[in-house]
Amino acid sequence: MIAEVIVDVAAHPIDRPFDYAIPKAVEVLAEPGMRVKVPFGNRKVLGFITNIKQSSDFDPKRLKPIHELMDVTPVLNEELLQMAQWMKKQTVCFEIDALQVMVPAALRAKYEKRFVLNAELEEILPPLRPYFENRSFIRLQDAVEVYALLKKEMDKGTIIADTDIQQQTAVKKVRMIHVADTIEVLETIEIRANAKQQLKLMEYFLKNTGQSIESSQLQKIAGVSLPTIYSLVDKGAAQISNMESYRDPKLLSNIEHKASLKLTGAQQIAFDRIEAALNTPKTFLLHGITGSGKTEIYLQTIDQVLKQGKEAIMLVPEISLTPQMTIRFKERFGDQVAVLHSGLSAGEKYDEWRKIQRAEVKVVVGARSAIFAPFQNLGLIILDEEHESSYKQDDSPRYHARDMAIWRSEYHKCPVILGSATPSLESYARAQKGVYELLVLEKRAKNQPLPDVHIVDMREELRNGNRSMFSVQLADAIRDRLEKKQQTVLFLNKRGYSSFVLCRDCGTVMQCPNCDISLTYHRSSEMMKCHYCGYDERVPTTCPECESEHIRFFGTGTQKVEEELAKVVPEARVLRMDVDTTRTKGAHEKILSAFGEGKADILLGTQMIAKGLDFPNITLVGVLSADTTLHLPDFRAAEKTYQLLTQVSGRAGRDVLPGTVFVQSYTPEHYAITLAKDQLYEPFYDREMTMRRASGYPPYYFVVNIQFTHEDLMTVAEYADQTVRYLKGQLSPNTLIIGPSASLISRVNNRYRYQCLIKYKKESKLIDTMQQLIKIHRTEWLKKGATLSIDMNPTSVM
DNA sequence: TGTTGGGCCATA
DNA sequence: ATGGCCCAACAG
């Protein structure tokens, strides 16, 4: 028997199945979807069996056998294997990348170079001997200091280099103690009178014959130590066994079940439409303003799916996967829910994944990659906040969870719900065309009014001599809420620029030596950092160019705002949430819960606070500068701004108390800002569609972004140029090719970057042409040191 | 003449 | 990707 294996080597010439002989001994076990260790060249690598067949076209004498099966049950089923092939084609990625992204990180291989002793200890050089005492190999990282000596031995053949493939995380095991079944057995056991601990434990055993208990529990309950347990086990009073167990990431066990809420009229209509379509591969776009109760519809449709004995996937943007959200699902579905998010360790994620694979859970709530949950009988897929760009992975494989969801829905004949208050233009356009069915929720579920949004013209403020970052109106409102003991959220729209260092004498801005971008000032570490290559250096006291001492920090970071805020309201208790304060695990939740408990008056943060915040006492939201996303050189700039403003405004007045929002802007007349004020999505959509049509961007055109990099500027420019000429020859005349041009950040890590953009409406040869492009890259440019990356349907083209 | 290093090639 | 192989350059 022959196995087709996709090996774990991400390179163009390797991106195809390799045939391996299946050893007789494992023939009955081997199945597609299993991981294997195989010899590849002169090393061993991990691979996935994608197919099993009777014979191979490859010379049978040169066929190598599979070295080892890594699984007893396949980690990928037939559906996911098929989907990987489709993903490979659609996103132009390596098949191995597509396969790897579908399994939890814990199952991906970790390679470790090591040196194996191939002779008697006495035969090798004396200084090396201590390293090999009591073991047959040492790891490369432990042997750096004797590397030269090792090399000598390797030439003699007494030591050989080897790569070891390890699984990153193992199944967690717990020690179970099984007490003897009858009292009679226990009574025959003799314990010395002074062995107090053993007697104590025996007392417990006598009361719990035939019971099984986890040893750590037993230690606590009986008040004895592990050796005591072992001595009684030795005497035959109990048995020890290892049992597989799951890591418990959070103690969410005593959550009370909550019943469904009564649906409003609009919710009921939407629910009925979806319910009628269960068991059909249909996509719904659920457009509901913030607070209109989309989640309740999700919960109740999932409930219907469970009643049919099927499973459901609920995707949410990583950032909104807050405990609040998790709890809501646990309340409704109890331990039928698995939760997958980035806060979990690799082991914890693996455990959640195993629960899905073993069909121990019926619902998974998770971020992007949860779309690959290995359910066999999927009944529903939901993407909440469907417009979020985090649903698109921004490195290979550059897949969009929405596309994967629709593919799976066709495979399983089940519906997809895309939910959003501000749908992506692509999805809304499809709904308009009838490709998706549009469901609308126009009112808030608890009938609260929308927050009262005021747009503040910051140019006016400047003219009136207010040079601070808080307008008079916003500052007054903050003070007012402070008096009323209500809470404020301040949102700093920071994307696009950050704090940099500028010399006031010569105008020098500190740049990264490897990249074409300015360094960012980090106050917490007093360092200048490059966000692209990780370069850092100490903050200078004088200008590196002209030695002037007049250097200062520019830009608005959250820390800067915090300082300014202290001047406006010195008595306020402020919580800051940004990359600096949320670096540690669980910090995000800690800050949010502290704010929820009223331990602060003001929450100040960046993008990350735009979602998931749902506290009744927030009555004021301030957007410090609405413009920063607006003027980015990206076709989605207006869409992103509209979405962000709507999102942020929705944080205010979610309960009984009405909310007020102040949006500060230097371009307050822009339609993305004025239309977000009253959540006028339709007018915004019409307006923005006109712009997209005029400039030839999605949804009118599909876009492909191709990026080239090389150490040498001339080479990369030439490569880009040749490619564009090639594309023009291949693609249809209606297709537009923009560029080539230098990327916005034209150098990263000492490599120059060029890009070009393909815009097309209909291009049947597109995938073929892209594959052709890769072939050319492989034969002509790869060895020159150039890289090529293709991004189909990019979320941004910067 | 032995040693180091870059281009090239195959990987089943 | 990555190790092996071959040839050429280079110091001894």
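For the numbers below, each heavy atom of this structure counts, side chains included, while hydrogens, waters and symmetry mates do not. As the structure is a prediction and not an experimental result, all values here were calculated from the model. Residue numbers start from 1 in every chain, and the chains themselves are labelled A, B, ... in the order their sequence lines are given, proteins ahead of strands.
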Given Thr735(A), which partner from the list Glu763(A), Lys728(A), Gln730(A), Lys759(A) fulfils the side-chain hydrogen bond (donor to acceptor under 3.5 Å, both in side chains) test?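 Between Thr735(A) and the candidates, side-chain hydrogen bond (donor to acceptor under 3.5 Å, both in side chains) is satisfied uniquely by Glu763(A).
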Given protein heavy atoms under 4.0 Å, the one-letter contact record of nucleotides 6-12 of chain B, with B base, S sugar-phosphate only and - none, is simply -----BB
Establish, for the pair Arg354(A) and Tyr350(A), whether the NZ or CZ atom is under 6.0 angstrom from the six-membered ring centre and no further than 45 degrees off its axis. yes
Partner set under salt bridge (charged side-chain N to carboxylate O under 4.0 Å, His left out) for Lys392(A), not counting sequence neighbours: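 Lys392(A) satisfies salt bridge (charged side-chain N to carboxylate O under 4.0 Å, His left out) with Asp791(A) only.
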Suppose we screen for salt bridge (charged side-chain N to carboxylate O under 4.0 Å, His left out). Which residues come up paired with Glu133(A), at least two apart in sequence or across chains? none
Taking any atom closer than 4.0 angstrom to a non-hydrogen atom of chain A, what span of DNA chain C does the protein reach, first nucleotide to last?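 Contacts span dA1(C) to dG4(C), reading 5' to 3'.
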Please identify which of these residues, Ile706(A), Ile738(A), Asp721(A), Asn705(A), meets the side chain to side chain contact (heavy atoms under 4.5 Å, CB included) condition with Cys756(A).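 Of all the options given, the one that passes is Ile706(A).
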Residue set satisfying ring-ring contact (aromatic ring centres under 6.0 Å, His included) with Phe372(A), at least two apart, ordered chain then number -> Tyr399(A)
List the residues meeting side chain to side chain donor-acceptor pair (under 3.5 Å) with Arg35(A), not counting sequence neighbours, and say none if there are none. Asp71(A), Gln167(A)
